[in-house]
Amino acid sequence: MIAQNFEYLVPTSLGDAVNLLQKHAGRAKIVAGGHSLIPMMKLRLAAPEVLIDIGRLSELAYVKEDAGKIRIGALTTHHTVETTPAIQRRLRALADAAGEIGDIQVRNKGTIGGSIAHADPAADYPAGILAFDSTIVTLGPQGERHLPASTFFVDMMTTALDQNEIVREIQIPVSTATTGSAYVKMAQKASGFAICGVAAVVELDASGVMSNVAIGITGVGSYAFRADKTEAALKGQKPTAEIIKSACDKASDGVIALDDIHASADYRLDLARVYARRAVQAALERAM
Ligand SMILES: Cc1cc2nc3c(=O)[nH]c(=O)nc-3n(C[C@H](O)[C@H](O)[C@H](O)COP(=O)(O)OP(=O)(O)OC[C@H]3O[C@@H](n4cnc5c(N)ncnc54)[C@H](O)[C@@H]3O)c2cc1C
């Protein structure tokens with residue numbers, strides 16, 4: 001299908017993009033990599049009257065390491081997230097997730113800012129964004145806001161972004177402790193989207209005790225969530241197969257799972273338990 005007609009605007013700076021978004025409030029949409037929005041426009045699931053193309057704003061495409069955090073510009077492509085050495089070294093689960101997105105064409109065009117702003121329930125990044133306790137930095141007419149990931153994903157394709165705000169960067173703290181992280185997923189075969197994707201970050205103290213554990217799960221519910229009960233059951237424990245299994249059996253407790261042609265709700269809830277275990281084990285192997 002062909003998208004409805006629209007006006008196409010190319011801002012020259014981030015500030016210009018925010019101004020255009022405000023000027024055309026309610027009628028306009030940002031386009032970055034276009035790999036979620038354009039298919040939706042072709043299917044007429046989205047019909048913006050104005051497209052503001054930020055894809056050429058090189059000021060938004062970077063990965064920087066400073067003051068105990070890694071800062072990833074919103075226009076950083078999935079391929080860059082996958083292959084940047086600092087991310088591979090310090091935020092392995094995020095590099096894993098980026099490398100699992102779609103195919104190489106999608107990874108070369110799609111952006112991390114576009115993915116999290118879109119908030120598809122089956123997107124890969126949200127699991128790691130949550131597990132790494134990231135902060136999403138936005139820019140709007142009122143200035144900058146720093147939104148914790150825990151409050152960013154609100155519902156299916158719904159975030160805490162205001163209508164006139166743009167995702168500027170993602171800030172992720174890097175731990176100095178012995179840490180390992182991993183992302184594992186059961187992919188929908190045709191698209192690669194997650195039927196269940198789990199990111200685990202495990203910190204070990206000098207005696208081998210799990211001093212901190214964070215687990216983010218995507219694909220299972222209408223938006224990504226942290227497996228709080230599993231995290232609590234693992235923290236302060238020495239990792240054994242029994243302890244990990246018993247903790248991960250709680251990974252989907254209380255979750256209302258999606259139920260669709262790809263997987264039933266019960267199957268997704270079970271996948272969350274199994275993939276949480278695999279992610280924790282993989283993270284531990286990388287921490288040791
Ligand atoms: C064949 C195919 C397979 C795919 N497989 C996967 C997969 O396995 N896993 C996965 O996670 N994803 C998958 N995707 C989606 C892909 O990751 C997209 O690149 C991503 O979801 C959106 O990024 P984008 O830059 O293309 O955003 P766009 O399509 O340009 O925009 C998406 C939405 O985000 C908004 N937006 C974009 N950038 C910003 C910003 N900086 N600030 C505020 N709002 C913004 C837009 O207004 C729009 O509403 C797939 C896509 C395709 C076409």
Side-chain angles (χ1 to χ4, degrees), residues 3 6 8-9 11 14 17-18 20-22 24-43 45-57 59-62 72-82 94 96-129 136-140 144-145 147 152-153 156-170 183 185-197 199 216 218-219 223-224 262:
F6 54 86
Y8 178 74
L9 303 175
L14 179 58
V18 172
L20 287 173
L21 205 46
Q22 193 178 19
H24 299 283
R27 302 169 54 232
K29 272 211 153 289
I30 292 290
V31 62
H35 271 55
S36 288
L37 183 59
I38 304 299
M40 287 188 72
M41 288 171 66
K42 286 185 166 183
L43 291 168
L45 294 170
E49 291 168 40
V50 180
L51 271 193
I52 301 169
D53 186 352
I54 61 168
R56 277 165 256 180
L57 294 181
E59 65 189 282
L60 284 179
Y62 55 84
I72 307 176
L75 269 191
T76 307
T77 63
H78 310 323
H79 178 70
T80 301
V81 173
E82 177 191 1
L94 207 66
D96 289 348
E100 297 253 347
I101 293 176
D103 53 38
I104 187 66
Q105 286 164 308
V106 176
R107 295 197 289 277
N108 274 333
K109 282 302 283 179
T111 67
I112 188 166
S115 176
I116 63 166
H118 191 58
D120 191 305
D124 289 293
Y125 284 128
I129 296 288
I136 291 92
V137 181
T138 66
L139 187 70
E144 216 174 74
R145 289 201 299 158
L147 305 171
F152 186 78
F153 301 105
M156 184 176 286
M157 296 180 145
T158 309
T159 68
L161 267 182
D162 282 345
Q163 181 179 254
N164 296 333
E165 273 183 320
I166 294 180
V167 174
R168 170 180 238 165
E169 75 174 19
I170 296 103
Y183 176 74
K185 81 166 165 180
M186 154 77 89
Q188 199 275 323
K189 291 269 184 276
S191 67
F193 275 102
I195 291 174
C196 169
T218 189
Y223 60 107
H262 303 303

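For the numbers below, each heavy atom of this structure counts, side chains included, while hydrogens, waters and symmetry mates do not. Everything quoted here is computed from the prediction, not taken from an experiment. Order of appearance sets the numbers: ligands from 1, and atoms from 1 within every ligand.
Taking any N or O of G102, backbone or side chain, at least one lies under 3.5 Å from an N or O belonging to ligand 1. Considering backbone and side-chain N/O of F193, one or more are found under 3.5 Å from N/O of ligand 1. Looking at ligand 1, you won't find any N or O of A74 less than 3.5 Å from one of its N or O atoms. Remark: ligand 1 and A32 share an N or O pair separated by less than 3.5 Å (distance only, no angle test). Considering backbone and side-chain N/O of G33, one or more are found under 3.5 Å from N/O of ligand 1. Residue-to-ligand polar distances keep Y125 apart from ligand 1: every N/O pair is separated by 3.5 Å or more. The shortest N/O to N/O separation between G192 and ligand 1 falls below 3.5 Å. By the 3.5 Å distance cut-off applied to N or O atoms, A123 is not counted among the residues near ligand 1.
When only non-hydrogen protein atoms are considered, atom 53 (C) of ligand 1 lies nearest to H35 O, 3.3 Å. The nearest protein atom to atom 25 (O) of ligand 1, hydrogens excluded, is given as T111 OG1, 2.6 Å; this is a heavy-atom distance. Regarding atom 17 (O) of ligand 1, its nearest protein heavy-atom neighbour is H78 NE2, 3.0 Å. Protein heavy atom nearest atom 27 (O) of ligand 1, with residue, atom name and distance: G114 CA, 3.6 Å. For atom 31 (O) of ligand 1, the nearest non-hydrogen atom of the protein is L37 CB, 3.9 Å. Here the heavy atom of the protein found nearest to atom 49 (O) of ligand 1 is K29 NZ, 3.2 Å. For atom 18 (C) of ligand 1, the closest non-hydrogen atom of the protein is S36 OG, 3.4 Å. The nearest protein atom to atom 43 (C) of ligand 1, hydrogens excluded, is given as V167 N, 3.5 Å; this is a heavy-atom distance.
At a 4.0 Å cut-off, at least one heavy atom of K185 sits close enough to ligand 1 to count as contact. Ligand 1 is approached by I54 to a heavy-atom distance shorter than 4.0 Å. At least one heavy atom of V31 sits closer than 4.0 Å to an atom of ligand 1.
Checking each of Y183, Y125, F193, F153 against T218 for a side chain to side chain contact (heavy atoms under 4.5 Å, CB included) leaves exactly one that passes, namely Y183.
Applying the 4.0 Å criterion to heavy atoms of A117 picks out, from ligand 1, the atoms 34 (O), 35 (C), 36 (N), 43 (C), 44 (N), 45 (C).
Considering only residues two or more places apart in sequence or on other chains, T77 meets the side chain to side chain contact (heavy atoms under 4.5 Å, CB included) condition with H79, T80.
If you check each of V106, V18, I30 against atom 48 (C) of ligand 1, the one with the closest non-hydrogen atom is I30.
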